[in-house]
Amino acid sequence: MKIHRLIGILSLLLQKERVTVSYLAEKFEVSSRTIRRDIEALGRAGIPVVTLQGKNGGISIMEGYRVDRTLLTSQDMQAILAGLKSLDSVSGSNRYQQLMEKLSGGNPEVIVAGENVRIDLASWYRSTLAPKIELIQKALEEKECLSFLYYSSRGEGKREVEPGLLVFQWASWYLWGYCRKRKEFRLFKLNRMLSLQGTGETFVPRRVPEPRFSGSQPALGRFPVKVLLEPQMKWRLIEEFGVDSFQEQPDGRLLFTFSFEDKENLKSWLLSFGDQAELLEPLRMREEMTDLVSRMLKKYSLTLPQRKEIE
């Protein structure tokens, strides 16, 4: 990607007195013509790049414009490098590791220090997730519209979106973009997107607002509930909602209060506990859960011969 190459070139120029076009072309595995265009881009961005012709010529940064190379081993730089390396766990390549090596400019301290932190962003959907992320990144760079089939609790439908951001939040990847159907910015979970492709149509970038995630806690929804859970489920409540999400009762059970965004998520969450959770309120929702469990019991009460007969 061009932005990675520009960062790498700038880092090398800040660390070395002078480099040649052929050196940079070999380092970044591109043509000399591409490197010359990159140097022009750095100049347009306000970086004072100087090019000297002749036997001892080359490319350098104007004298006085220097960054102390010890900054590359600072905590800030290590955080940046750790974040870059973590993206390899999703992309299925080592492109970010290669970028780290280019950023280090041959300084082994940078790479070694970066080994103190490991971040793995991969998931069970890695084989399908990586191509989507790569396609979205390309569309973001080229300002190309995307189309895909999107599946949600409200049904499925085709969407056409102007991509704005690729977001990793709450262990999932999302596309934050302008939905032409809804005429507003929306979040789309990558795992729910099928038939993702570029439309070939470019768009004029809009001002991209911040994605609508509510802080560091799960978003409060429209369905307030009270649930009584067995003591052995404490670890799940702490992991998913924090230690302040429940009150321990005299008998050791846990009274959990929260508001869910929709009823389907609430039902799925309750069923994941089996007989270790009991919905207390609201009463209407408790009736719906009773009906749901009754219908499940009816299905599972069929004997195997009866099931084969139906099939």
Side-chain angles (χ1 to χ4, degrees), residues 1-4 7 79-100 114 117-182 184-199 203 205-221 236 239-241 260-262 264-265 268-269 272:
M1 291 186 179
K2 182 177 180 180
I3 185 63
H4 295 162
I7 293 172
I80 292 171
L81 296 179
L84 287 173
K85 188 174 181 180
S86 70
L87 294 176
D88 278 339
S89 64
V90 174
S91 66
S93 69
N94 63 345
R95 69 173 70 174
Y96 295 97
Q97 174 68 26
Q98 293 172 351
L99 175 59
M100 286 173 61
V117 178
R118 295 290 179 89
I119 305 172
D120 190 343
L121 302 180
S123 73
W124 293 108
Y125 306 97
R126 177 172 176 170
S127 61
T128 57
L129 197 59
K132 290 179 183 178
I133 290 176
E134 187 171 359
L135 197 156
I136 291 172
Q137 287 178 322
K138 180 175 180 293
L140 284 166
E141 288 183 358
E142 299 179 359
K143 304 296 184 292
E144 181 183 10
C145 290
L146 293 169
S147 68
F148 51 87
L149 287 175
Y150 195 67
Y151 294 79
S152 69
S153 59
R154 299 180 180 87
E156 63 182 83
K158 187 172 183 179
R159 300 296 183 91
E160 190 170 304
V161 173
E162 300 171 10
L165 287 173
L166 189 59
V167 182
F168 182 77
Q169 180 87 359
W170 286 98
S172 296
W173 287 92
Y174 298 85
L175 169 64
W176 174 244
Y178 183 81
C179 177
R180 290 184 168 179
K181 181 178 181 179
R182 304 299 183 192
E184 65 175 354
F185 276 85
R186 290 284 185 97
L187 272 173
F188 301 95
K189 198 169 187 176
L190 266 59
N191 287 340
R192 297 180 182 175
M193 297 162 59
L194 292 182
S195 304
L196 175 65
Q197 60 182 354
T199 65
F203 62 91
R206 304 171 187 267
R207 186 186 69 83
V208 180
E210 282 296 310
R212 287 193 291 268
F213 282 112
S214 353
S216 58
Q217 294 290 330
L220 292 176
R236 273 197 58 180
E239 178 180 324
E240 297 175 15
F241 299 95
F260 283 79
E261 184 61 30
D262 61 70
E264 295 307 313
N265 283 340
S268 297
W269 184 78
S272 71

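One distance of note links CD of E210 with CZ of F185; it measures 11.5 Å at 0.5 Å rounding.
W173 contributes no side-chain N or O that, together with a main-chain N or O of A130, makes up a donor-acceptor pair within less than 3.5 Å. In this structure, the side chain of S268 does not engage the main chain of N265 through any donor-acceptor pair within 3.5 Å.
Closest approach of P211 and V167 over heavy atoms only: CG-CG2, 4.0 Å. The minimum heavy-atom distance between R159 and Y150, with the atom names listed, is CG-CB, 4.1 Å. Closest heavy-atom contact between V208 and G164: CG2-CA, 4.2 Å. In terms of heavy atoms, C179 sits closest to F188 at CB-CZ, 3.9 Å.
Using a 4.5 Å heavy-atom threshold, the side chains of F241 and R236 count as separate. Side chains of L135 and L146 form a contact here, defined as non-hydrogen atoms less than 4.5 Å apart.
Among the candidates R186, R182, K181, the single residue satisfying the side chain to side chain donor-acceptor pair (under 3.5 Å) test with E184 is R186.
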Run the numbers on F148 and K132 for side chain to side chain contact (heavy atoms under 4.5 Å, CB included), then give the verdict.
CA-CA 11 Å; F148 51 87; K132 290 179 183 178; over 6 Å; no
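Applying the side chain to side chain contact (heavy atoms under 4.5 Å, CB included) rule to L140 yields the partners I136, P163, L166; only residues at least two apart in sequence or on another chain are considered. In terms of the side chain to side chain contact (heavy atoms under 4.5 Å, CB included) criterion, residue partners of R180 (sequence neighbours excluded) are, by chain and number, C145, E160, E162, Y178, E201, F203.
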